[in-house]
Each structure stands twice: as structure tokens, then as C-alpha cells.
2 protein chains.
Amino acid sequence: MTDHDLTQADTVRLAIEREIFGGQLAPGDALEEGRLAKRFGVSRTPVREAITQLAQAGLITKRAHRRAVVAQLDPGTMLELFEALAELEGAAVFLSTSRMSASEKSELKDIHEAAAENLRSNGDPNEYADLGFAFHQRIVRGCHNSALIDTTEWLALRVLPYRRFQVVAPGRLQINQTDHDAIVSAIFAGDAEAAREEIRRHTLEQGDALMRFIALNKTSHADFHPNGLIKEQPV
Amino acid sequence: MTDHDLTQADTVRLAIEREIFGGQLAPGDALEEGRLAKRFGVSRTPVREAITQLAQAGLITKRAHRRAVVAQLDPGTMLELFEALAELEGAAVFLSTSRMSASEKSELKDIHEAAAENLRSNGDPNEYADLGFAFHQRIVRGCHNSALIDTTEWLALRVLPYRRFQVVAPGRLQINQTDHDAIVSAIFAGDAEAAREEIRRHTLEQGDALMRFIALNKTSHADFHPNGLIKEQPV
DNA sequence: ATAGAAAAAAGTGTACACACTTTGCGAGGG
DNA sequence: CCCTCGCAAAGTGTGTACACTTTTTTCTAT
């Protein structure tokens, strides 16, 4: 089956997610069931279901009889989100330090070194961002506790639409890399408590920097709207 | 308006939630859209939406073209859930220690002492369970970070259907109270790190005890359907 | 002109119909 | 006897119609 057992609602949900993460749908944009239905070539029913799920995931907000909107995070909420994320990643790395297998650790080191190389050779900042994401993911998944992993990644997802702003913030990348250095060292030294502290500080700082950057570039998100760049899979 | 702006889907969702927490719907029970629709006097559409939301929340599991089922936690998953919960509560108390207001702290102390009194006078175990729930809730909410609070309580919710087993486990209550003692002391001493360690150990131990108890009473859950053993606190 | 009310337009919530998938069961071959 | 294949019943996924709510526009009176 080419179908992979994905229901149409799933397909639509995935597509919308991609558009949010890709930036075609910016925070604050309205999602109207009818239009989406026509655009994806399905009826409103699966679109509606997709929206419900995305709302539950916190990616979009929805109130009865009102249009659904891509979740918009005010500074306070975002700060809380990053603080919570910092704590969760801290908890995860605390466990990961003693639980990561040798191959997982070496994978982490590989990612870290690839990022360093990217930085040294002035590579593509987007690639660096991807490596940063993989870095955090590798650490979190190293705790081998799906409940904790899912919870952490779910939280990370909610701030993901905003991370695109960070790649262009000047000077951040080097600081980021130094932080990662400290984290890797702590993990390889087996010092769980130190690893926790390092990643907590790091993620908090990341959120702070992101907020400052957004505050400075107060221009509307609408600037980033090439719109319709993604074509979805027709079953 | 008596309606309070709740859509029918919301009403159904709330009703099913209550039945799960109340024990009328035990883990493993199948939820069939048509029957529920008839029972609640609505069409399948809102029922379907409610089920989707509950599935997203992890309270029920759902796969394409198959009946939805009240989430059944195998021992491994439950252990993971408690471990994750222990870490989250640890993170929360770490923040709470320095953030709880004087009145919040005294509230916590009141709850703790009421529980002690209940124990001393051989009071109602269900009341003690409620106080235990309130104890944890008060601590978690003391961190004043809604993202962390929501995440933690969401996780706690997933194991709630199983907590009903614990109240009857022999000897647990006294151990529980001693643990709480240590936690309260650490908070009042302002030792965030100690508080974190205490609550981590405590919650892990709680999960362990629960698992042992369930393993011993391997009989079907259906036996425990006397309906309303635990009363939940809305809002 | 302008504020307010009334009506039209747009959009969401729900019911119902029907196609497609899964599941349970019974008949026929090994 | 039991395994398998296939058919019937049950149940889910989606399209469509319509009622009800919100939003926008238009019309009226000051």
C-alpha cells in the first residue's frame, strides 16, 4: 500500500504542521476550514479533525464558533515555555548521562563536531540550526523514557515556529557552540548534575536571546509569506 | 446563557473524562462512537471529536479504522510515566522552593498537617488520598510557570485512573507521610536541591509501590468498579 | 457625517448518508 | 480436527446539507 495507513485528516494535519514550521503560516494567521478543504481537495470534515488535533497540541488556538488561529505566543508565555523546556531538558540529560549507550554518545559527538566544522567554515546557518536541533534531540532521547521524551519534544515543538528568527541573530552561534561544548564534556565526564545545570542555563539563555531578537525586529510576521511553496501528497 | 459556550463535543469529552476518572470506564474498555452518540443523545460527529481530543491527551488510544480504547498502561509504560512525573515534580519543586509566597507555603503546611491528623485518627483513606493529591498540586503550582504546571498535571492525569488502587495498599500511608515531611522541611529550609531529590525519590517510590500492588492483585480491573471511589476536583 | 441597528455574508457546529476497512464467523478443503 | 478462505456484520472515515453564531456591510435617524 502506498497509503501507509494515514487517514486524510492525518495528511492534512502533517501538511499544516509543515507550513507552520516552514513559516508559510506565521503565528497569528487565521485558518479557515473551508479554504483549507478546497486547497487540499478534501471535505471540511478531515480538515476540522486536523485542526482539533493541532489545537490540542497547542500549535493553534481555537475557540467555539471562531476561526482557528496559528498560536501566538506573548513574551510572558514564551519565557515560561523556555523555562519549562530548560527544566525538562535538564531532567532528561540528568538521566541520559548515565543511560546513553556508547554509540549514542559517539553519535552526539559526531553531531557536535559537524556543527563546529560548519561554524569554522562559515557554513549554511540553516544547516547549523538543524544540527542544533539534532543535538538537543539526541540528548533528550538518550534518557530512554518515552514519556519524558514525548513531553519534552512536545514542548519544544511549541516554540519551534519562533526558532527561525534565531539563526540570523548575530553572535549567537558561537555562544551556542561553547555551551554545547560544556554539555558534551559534562556528559562524557559522567557528571549528571553538571550536565543538568549546563543545559538548563543554555536553554534559558537561548529563550532570552530569542525574545530579545524578536523584540528588536518588531516588524510584522507577514514579511515571511511566500505562501503556497509546499505541495502536499495526494494519497 | 446556561450554555456557558461549551460545544457538544466539549460536553461529551468532559463526560467521558469523568467516567474514566470515576472508574465507570476502566482501562482497556472499548469506546464505540455509535453507542456513545446514542447514549448522550447527539450525533457521532461531536463524539468523534471528543474521542480525538482524548486520544491526543493520552487518556485513550486510537488507531485508524479501529475502535478507540481507554488507555491501558503496561507496567513498563507506567514505570516510565512515574519516572517522568518524578522528574517534572522535581523540576517544579526546585523552582517552587524559592517562588512560593508565604501564604502558599502556609497553605501547604495546612494540607500536610491535615493529612497527619487524618492518619493519627485513622480517618477516611479516600480523604487522605485527596489531601495527597492537593499536596502535590500545591507544590507544583507554586512554581508559577503555567507551561510547567500544565505539563506536570497532564502527566499526573494519565496515571490518575490507576491511583485508586493505591489507597488500599497496606502501610503505604505512613511512608507517604514521612516522605512529605522531608519535602516540606526542605522547602521551608529553602534547600531547592534537597527538595528536588526528596520529591523525586518519593514519586518514584510511589509508582513502584503502585506497580507492585497491581501486580499482586492481578485480577481484572472490572472488580474495582464500585463507582466513585475517588472524587475528582474540577478546575 | 456618525453612531447605532438591522440585515446580509461568512464561517463554524452538528446531523446524516454512504463508502471503505476491520472483525467475527461459518463452510469447505487439507 | 484445524486451518484457511471468504462472506456478512459492525464500525470507522469522509462528503454534504443545514442550523446557528459571528462578522461585516448597509441603512437609518440624529
Side-chain angles (χ1 to χ4, degrees), chain A residues 1-17 19-20 25-72 222 227 232-235, chain B residues 1-17 19-20 25-72:
Chain A
M1 280 76 181
T2 56
D3 188 45
H4 287 86
D5 240 19
L6 280 183
T7 185
Q8 290 190 180
D10 290 330
T11 309
V12 172
R13 176 171 52 76
L14 257 24
I16 297 180
E17 258 176 25
E19 298 204 353
I20 292 179
L25 282 172
D29 283 3
L31 298 178
E32 191 256 300
E33 301 178 356
R35 286 191 192 295
L36 289 173
K38 208 152 57 182
R39 195 146 79 73
F40 291 118
V42 299
S43 91
R44 265 182 55 220
T45 311
V47 171
R48 200 176 157 64
E49 210 169 298
I51 287 182
T52 304
Q53 289 173 227
L54 288 169
Q56 197 74 18
L59 242 65
I60 72 179
T61 57
K62 181 162 163 30
R63 290 170 46 202
H65 294 285
R66 274 175 188 86
R67 287 198 218 119
V69 171
V70 180
Q72 205 159 15
N227 199 0
E232 73 279 2
Q233 280 311 54
V235 185
Chain B
M1 282 97 181
T2 55
D3 189 44
H4 287 89
D5 240 18
L6 280 184
T7 185
Q8 291 189 187
D10 291 330
T11 311
V12 172
R13 177 172 51 77
L14 257 25
I16 296 180
E17 257 176 26
E19 298 202 354
I20 292 179
L25 281 172
D29 284 3
L31 298 178
E32 192 254 300
E33 301 177 355
R35 285 191 194 295
L36 288 172
K38 207 151 59 181
R39 194 146 77 72
F40 289 117
V42 300
S43 91
R44 265 182 55 219
T45 309
V47 172
R48 196 174 163 65
E49 211 164 297
I51 286 182
T52 304
Q53 289 174 227
L54 288 169
Q56 197 76 15
L59 244 65
I60 72 179
T61 57
K62 182 158 159 33
R63 290 170 47 202
H65 294 285
R66 279 177 184 81
R67 287 206 281 268
V69 170
V70 179
Q72 203 160 17

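Convention: sequence-line order gives letters A, B, ...; per-chain numbering from 1.
Rounded to whole Å, the distance from CD on A/Gln8 to P on D/dT14 is 5 Å. Distance, A/Arg66 CZ to D/dT21 C1': 9 Å, rounded to whole Å. As rounded to whole Å, 6 Å separates atom C1' of C/dG13 from atom NE2 of A/His65. Atom CZ of A/Arg63 and atom P of D/dT22 are 9 Å apart (whole Å).
Applying the side-chain hydrogen bond (donor to acceptor under 3.5 Å, both in side chains) test to residues at least two apart or on different chains, none of the pairs has a partner in residues 51-60 of chain A.
Minimum interatomic distance between B/Ala71 and B/Gly58 (heavy atoms only, all atoms of both residues): CB-O, 3.5 Å. B/Ala9 and B/Ala50 get closest at one heavy-atom pair: O-CB, 3.6 Å. A pairwise comparison of heavy atoms in B/Ile51 and B/Ala68 identifies CG2-CB, 3.8 Å as the closest pair. Pairing each heavy atom of A/Gln72 with each of A/Gly28, the nearest pair is OE1-CA, 3.6 Å.
In this structure the side chain of A/Ile16 reaches within 4.5 angstrom of the side chain of A/Leu54, judged on heavy atoms. Taking 4.5 Å as the limit, some side-chain heavy atom of A/Leu59 sits within range of a side-chain heavy atom of A/Ile20.
Across all strands shown, B/Ile51 has no heavy atoms under 4.0 Å from either base or sugar-phosphate atoms.
With rounding to the nearest 0.5 Å, the separation of CG in A/Leu25 from CD1 in A/Ile60 is 9.5 Å.
In this structure, of D/dG15, D/dT22, D/dT12, it is D/dT12 that holds the atom nearest to the side chain of B/Glu32. Looking at the side chain of B/Glu33, the nearest of the listed nucleotides C/dT12, C/dT22, D/dT12 is D/dT12. Listed nucleotides C/dT14, D/dG13, D/dT14 differ in distance to B/Lys62; the shortest reach to its side chain belongs to D/dG13. The side chain of B/Ala9 lies closest to C/dT14 when the candidates are D/dG13, C/dG13, C/dT14.
Toward the 5′ end of DNA chain D lies the nearest nucleotide of B/Arg35, the other residue of the pair A/Arg67 and B/Arg35 mapping further downstream.
Within residues 36-49 of chain B, the residues approached by DNA chain C to less than 4.0 Å at the level of any non-hydrogen atom are B/Val42, B/Ser43, B/Thr45, B/Pro46, in residue-number order.
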- prompt: Does the pair B/Arg48 and A/Glu49 meet the rule for a salt bridge (Lys or Arg N to Asp or Glu O under 4.0 Å), with working shown?
  reply: CA-CA 9 Å; B/Arg48 196 174 163 65; A/Glu49 210 169 298; 3.2 Å; yes

Report all interatomic pairs (protein N or O, nucleotide N or O of nucleotides 6-8 of chain C) with separations under 3.5 Å.
none

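At C/dT12, none of the side-chain N or O atoms of B/Thr7 fall inside 4.0 Å of OP1 or OP2 (strictly under the cut-off).
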